[in-house]
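Right, one structure below, let's go through it.
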Amino acid sequence: MRQKVVSLGLFLLASFSSAASDKNGFIFWQLPPQINTIGKEGQEHLSIIPAPVAIQLREGVFKFDSTVVIVPSGNGEVQKLAGYLSDKVFTPSGIRLTVAKPARAGGKSIKLVLNKVFSKIIGDEGYQLEITPAAVNISANKPAGLFYGIQSIIQMLPPAIESKVRTGGEIWELRAASVTDYPRFGWRGLMLDVSRHFFNKEEVKSYIDQMAKYKLNSFHWHLTDNQGWRIEIKKLPGLTATGAFRVPRTGTFWTFEPPHPDEKATDGGFYTQDDIREIVQYARERYVTIVPEIDVPGHSLAFIASFPQASCTQLPYHVNPGSPHADEDLVLCAGNEDNFKKLEIILSEVSSLFPGKYIHIGGDEADKRFWKSCVKCQARIAKEKLKDEAGLQSYFIKRLEKILHSNGKKLIGWDEILEGGLAPDASVMSWRGSEGGIAASKMGHHVVMSPGQYCYFDHLQGDINIEPTYAGGGVLRLSDVYRYDPVPPEGGPGYILGAQANVWTEHIPTIRQVEYMTWPRALALSEVVWTPPDSRNIDSFLLRVESQFPRFSNAEVNYAPSIYDPIIVPQKDGKKLLISFKTEYRGLDIYYTFDHTFPDKFSDKYQGPIEIPKGASEIWAITYKGKMPAGRLLKVAIDDLEKRLQELI
Ligand SMILES: [Zn+2]
């Protein structure tokens with residue numbers, strides 16, 4: 001039976017595609033030209049993000065009306081997907097698509113077909129979509145593929161499809177087309193930090209729902225850090241009783257006052273194990289795997305606050321509310337056997353809650369100074385014949401790997417786990433650039449790329465004078481994310497599982513702001529990890545991003561409109577300072593003033609580098625799309641421009 005399936009797969013490969021291996025040894029499946037005839041034009045017509053692998057537009061439309069029947073064929077999971085699509089269409093349109101088997105004679109149908117077309121090309125997550133005026137056929141090897149086919153047709157429907165209430169005046173139809181689609185990478189992730197700020201169960205579910213619409217499939221949940229322990233551990237209730245709460249502070253994180261003596265820790269929260277199970281199930285229904293992170297031995301102050309014996313100093317500490325503390329750098333004592341006993345309990349409970357293969361153990365930024373001056377840690381180094389503190393870090397991680405293996409899980413950690421020698425079966429998440437990832441992949445370890453330069457969504461999306469918070473780390477625009485390629489130019493063996501973006505939340509106190517920082521940049525990430533690199537096109541992408549904005553509004557999801565804002569570029573002509581402008585979104589007009597008046601389309605229009613009039617102290621600029629303002633007002637002091645220029649040099 002196995003032989004037969006393989007033969008059929010090979011037959012399909014030989015018939016419909018050619019396999020090509022690039023210089024790095026990565027395999028890309030290329031569809032023949034007759035299928036992939038309409039690249040950019042097809043992308044824009046269907047406006048799907050991430051752009052599908054191959055689109056062929058056809059004549060006519062498939063109209064939704066109450067005669068349409070959804071016909072699921074396959075297991076009960078396909079039946080559920082049919083119900084999901086029916087509900088999604090019903091809410092805004094009032095059209096109830098009946099789920100039935102078989103289709104009515106002569107009626108229109110949407111068929112969800114599982115396992116009918118075995119295609120190795122499309123893999124476990126790909127799908128084939130055929131839309132004609134009479135029928136929609138989505139076929140896939142696995143239910144995940146059907147789910148993604150459904151997401152594509154949802155994006156082809158009017159933006160009102162995302163509305164939570166009944167709308168009027170929409171034309172509910174799909175353009176006839178043929179789509180073949182499958183992802184470039186299997187790990188397409190977003191990380192949310194719920195420690196620095198806590199987001200409740202419903203907020204996390206809505207975040208997962210939104211990412212699944214764009215075929216992102218891995219939710220990395222940063223559950224513990226110095227600012228809060230967010231997961232109930234039944235056998236260690238102290239972790240959440242103490243570790244989940246800190247004193248309330250508002251303003252700018254890292255400047256907050258430390259707790260006053262006897263001040264109550266009232267800010268925070270945690271997920272009960274029932275909450276976790278509910279969220280895991282919710283994610284599973286959207287084909288999202290959750291990767292929980294328990295960050296040790298650094299970033300462990302919430303653990304240490306709960307168990308004062310846990311650190312090398314053995315002194316009592318508070319959960320850090322966002323203060324510039326020296327204790328921010330505290331680490332778990334690697335010489336204290338009780339810490340490993342507790343970690344065994346924690347990782348065993350965590351493993352039983354999350355069905356995914358990976359558990360993330362952090363491993364980042366563990367300050368070795370405490371280990372250097374700790375008697376217990378030094379005794380451990382001597383007893384285990386370790387070289388130094390880096391060796392102790394490696395020992396620590398290897399012990400955690402053993403615990404995870406005994407629970408049937410695999411260990412993944414930030415790239416610092418390479419220090420002192422990588423655990424035998426560990427996977428690496430590369431955040432300090434791509435180097436750690438490249439090094440690990442050369443050693444035969446699996447890698448998820450997440451370099452700060454392209455994947456840190458706590459960074460600003462535009463000018464610091466417009467964007468609402470400043471997290472440091474510079475500017476990461478939508479187009480920067482879009483340019484990213486997880487496969488480094490210097491190559492390496494094919495151990496790269498994919499990429500993910502990280503939303504660190506020190507400066508992000510609300511879920512609305514989390515959404516603002518995530519969208520639309522996660523759209524760029526989704527296309528980076530799904531669409532073949534040759535099919536990516538920034539102009540097509542920006543138009544498709546714009547078409548998502550009304551969908552975000554209907555779904556009540558916040559987003560950053562930064563692509564419309566003016567980008568100011570100072571430059572020097574000899575000693576003279578000149579100002580240039582550009583925008584990410586193409587074709588906008590830019591108007592500016594130097595006299596502290598609000599610019600509009602009757603102000604000076606930007607046509608090329610501007611000389612600064614004598615005495616001017618600020619420039620104000622705004623963009624227009626035709627007759628309407630597009631972006632937000634940018635005000636920059638001329639002195640500030642001089643400083644920015646120095647930084648550029
Ligand atoms: Zn120690």
Side-chain angles (χ1 to χ4, degrees), residues 195 222-229 231 233 235-236 238-244 246 258-259 293-320 323-350 359-404 406 411 413-424 426:
S195 174
H222 186 76
L223 286 163
T224 72
D225 211 300
N226 295 332
Q227 284 74 25
W229 185 279
I231 175 170
I233 301 297
K235 288 186 187 152
L236 297 169
L239 277 170
T240 40
T242 303
R246 59 177 186 251
E293 179 181 352
I294 303 297
D295 197 351
V296 288
H299 291 270
S300 295
L301 191 53
F303 184 123
I304 292 165
S306 311
F307 303 110
Q309 304 296 313
S311 82
C312 292
T313 69
Q314 306 208 352
L315 295 170
Y317 296 92
H318 295 282
V319 178
N320 184 335
S323 316
H325 266 197
D327 61 22
E328 175 72 13
D329 297 328
L330 270 174
V331 291
L332 293 179
C333 178
N336 182 348
E337 197 54 28
D338 186 57
N339 282 343
F340 290 100
K341 279 189 192 139
K342 288 195 168 70
L343 284 167
E344 196 160 356
I345 292 168
I346 291 165
L347 292 176
S348 147
E349 289 196 25
V350 169
I359 306 285
H360 201 300
I361 51 76
D364 57 315
E365 300 181 308
D367 192 328
K368 314 291 188 302
R369 284 175 305 168
F370 295 96
W371 289 351
K372 234 184 171 88
S373 55
C374 171
V375 176
K376 283 186 185 172
C377 285
Q378 291 304 316
R380 175 84 75 191
I381 288 176
K383 184 175 166 222
E384 299 293 334
K385 301 190 173 52
L386 305 170
K387 196 165 160 239
D388 52 14
E389 288 72 29
L392 189 55
Q393 155 107 358
S394 174
Y395 166 87
F396 193 101
I397 304 298
K398 283 174 183 161
R399 278 195 71 171
L400 298 194
E401 179 168 68
K402 276 194 194 132
I403 298 172
L404 288 178
S406 71
L411 180 147
W414 301 108
D415 52 66
E416 285 94 330
I417 65 170
L418 282 155
E419 291 167 10
L422 201 49

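Every number for a ligand or one of its atoms is a count from 1 in the order of the listing. Throughout, residue positions are numbered sequentially from 1 according to the sequence presented. FYI, side chains are in, hydrogens and waters are out, and symmetry mates aren't considered; it's all heavy atoms of this structure.
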Legend entry - Leu236, Thr242, Leu301, Ile346 screened by side-chain contact (heavy atoms from CB on, under 4.5 Å) with Trp229, the one that passes: Ile346
Inset, instruction - Just grab all the salt bridge (Lys or Arg N to Asp or Glu O under 4.0 Å) pairs involving residues 386-402, residues at least two apart or on different chains. - result: Glu337-Arg399, Lys372-Glu389
Inset, instruction - Classify the angle between the aromatic ring planes of Tyr395 and Phe340 as parallel (below 30°), tilted (30 to 60°) or perpendicular (above 60°). - result: perpendicular
Legend entry - Under 2.8 Å from the Zn ion (ligand 1), the protein N, O or S atoms, given as residue and atom: Cys312 SG, Cys333 SG, Cys374 SG, Cys377 SG
Legend entry - Verdict with reasoning, Ile231 to Ile294, per side-chain contact (heavy atoms from CB on, under 4.5 Å): CA-CA 9 Å; Ile231 175 170; Ile294 303 297; 4.0 Å; yes
Inset, instruction - Any chance you could lay out the side-chain contact (heavy atoms from CB on, under 4.5 Å) test for Glu293 and Leu223, step after step, and finish with the verdict? - result: CA-CA 6 Å; Glu293 179 181 352; Leu223 286 163; 5.8 Å; no
Inset, instruction - Compute both the distance and the angle, then confirm whether Lys342 meets the cation-pi test with Phe303: under 6.0 Å from the six-membered ring centre, within 45 degrees of the axis. - result: no
